[in-house]
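What follows is a set of notes on a single structure, which appears directly below.
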Amino acid sequence: MKEQDQYLSVIKFPAFVSITLIILSAVYFGFLYHALQEPGLSTSQTLIFGLLLLVLLVLVATWVATLMSTHIRLKARWMRLLSRWMLVHVYYPLARFLATVTFSSKNILIESYLNFSNETVLTDQREISNSSILALLPHCLQKEDCTVRIGTDIISCEECGGCDIAKIKQLVSQQKVDAAVATGGSLAKKLITERNPNVIVAVGCHRDMVDVVRDAWIYPIYAILDERVPGAKPEAKVNLASIEFAIKRFK
Ligand code: SF4
């Protein structure tokens with residue numbers, strides 16, 4: 001990744017959300033200023049401006065708390081859940097909207113969003129030992145012509161070393177961590193609900209990671225993007241050090 005892309009993959013998401021909130025505030029106060037030029041606001045206008053101000057204040061206050069949650073663990077559980085819900089259902093769509101209207105790279109925005117989300121999860125889980133961690137893996141890590149039927153469990157991998165599944169199998173068994181393989185977003189959600197872990201270390205492509213983080217937002221999910229090298233093997237690769245780092249941090 002180029003140095004500029006690396007920088008953007010950290011700063012882009014928080015910058016886009018902040019810019020969008022500044023634009024929304026400017027639009028609100030622009031309309032309010034215009035309305036106040038008229039001789040007095042009607043009751044319905046007062047109500048609408050009051051409600052919009054309330055929404056704006058909630059958006060800004062929760063965003064400030066969410067920014068803080070990358071460094072400071074929010075004390076109240078309801079605040080942590082609200083912040084996570086807003087991150088997934090409000091702030092990401094806002095940043096996505098700005099990326100669309102500015103023709104900005106969506107993949108870099110997703111990387112930045114996941115980096116940001118991972119920081120909040122690491123802070124949230126700081127000094128917490130989890131009894132159950134689920135390593136959620138995509139099927140595309142398996143070698144294309146592997147004859148072993150993996151299903152949702154990597155236990156059947158014969159560890160021939162043909163793909164990253166072998167090393168992940170060794171890692172999760174050393175660390176005594178549960179692992180599951182999902183072929184798509186709905187299966188991933190089903191596996192998460194069934195196994196109900198304390199924390200998830202998920203691997204996948206950009207789109208799958210956004211879906212999993214959104215669908216299972218109630219769970220702390222540390223997302224790791226898989227890697228596809230153009231012209232190389234058809235199966236995806238993953239940085240094993242990132243998986244090991246996350247598992248050890250959450251244990
Ligand atoms: S390591 Fe070998 S046996 Fe295991 S999934 Fe990959 S190719 Fe198949």
Side-chain angles (χ1 to χ4, degrees), residues 1 5-6 9 106-108 110-111 113-115 117-118 121-122 125 129-251:
M1 194 186 275
D5 286 352
Q6 256 174 351
S9 74
K106 288 193 182 66
N107 273 357
I108 292 182
I110 290 173
E111 284 158 24
Y113 164 63
L114 295 174
N115 280 333
S117 174
N118 284 351
V121 173
L122 288 173
Q125 298 294 311
S129 301
N130 291 290
S131 52
S132 67
I133 300 171
L134 173 65
L136 190 63
L137 310 166
H139 218 280
C140 60
L141 289 179
Q142 187 181 17
K143 194 178 174 193
E144 199 180 46
D145 56 2
C146 173
T147 52
V148 177
R149 189 173 148 69
I150 293 282
T152 58
D153 209 325
I154 57 173
I155 198 81
S156 46
C157 164
E158 291 171 3
E159 298 180 42
C160 74
C163 66
D164 284 342
I165 299 274
K167 287 185 189 141
I168 297 172
K169 184 183 170 189
Q170 288 160 9
L171 175 66
V172 295
S173 90
Q174 271 166 15
Q175 297 293 327
K176 299 186 175 45
V177 164
D178 192 13
V181 180
T183 40
S186 36
L187 181 57
K189 194 179 173 192
K190 186 168 169 275
L191 287 166
I192 290 170
T193 312
E194 277 172 11
R195 303 194 185 195
N196 194 27
N198 297 134
V199 64
I200 298 158
V201 178
V203 179
C205 63
H206 290 69
R207 198 193 59 206
D208 284 355
M209 281 300 89
V210 170
D211 286 349
V212 168
V213 169
R214 186 191 59 214
D215 292 344
W217 69 270
I218 200 101
Y219 291 88
I221 300 176
Y222 187 89
I224 299 168
L225 289 168
D226 61 22
E227 297 157 12
R228 285 177 185 276
V229 184
K233 294 175 181 173
E235 66 270 11
K237 305 281 293 172
V238 62
N239 185 341
L240 288 160
S242 299
I243 303 179
E244 189 172 2
F245 160 80
I247 290 173
K248 287 183 174 169
R249 277 291 295 268
F250 297 140
K251 282 198 88 174

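As the structure lists them, so they are numbered: ligands from 1, and atoms in each ligand from 1.
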Fill in the blank from the handout: What one should report as the nearest heavy-atom pair of I133 and V177 is O-CG1, 3.3 Å
Problem - Criterion side chain to side chain donor-acceptor pair (under 3.5 Å) on E227 and N239, from CA distance to verdict - result: CA-CA 8 Å; E227 297 157 12; N239 185 341; 4.8 Å; no
Practice task
Test side chain to side chain contact (heavy atoms under 4.5 Å, CB included) on Y113 and V213 and set out the steps.
Solution key: CA-CA 10 Å; Y113 164 63; V213 169; 3.6 Å; yes
Fill in the blank from the handout: Atoms of type N, O or S from the protein that sit nearer than 2.8 Å to atom 4 (Fe) of ligand 1 number exactly 1
Exercise for the section: Show your reasoning for whether side chain to side chain contact (heavy atoms under 4.5 Å, CB included) applies to K169 and E159. Expected result: CA-CA 8 Å; K169 184 183 170 189; E159 298 180 42; 3.2 Å; yes
Completion exercise
The side-chain hydrogen bond (donor to acceptor under 3.5 Å, both in side chains) partners of K190 (sequence neighbours excluded) come to E194
Practice task
Identify the two heavy atoms, one from A188 and one from V212, that lie closest to each other, and give their separation to 0.1 Å.
Solution key: CB-CG2, 4.0 Å
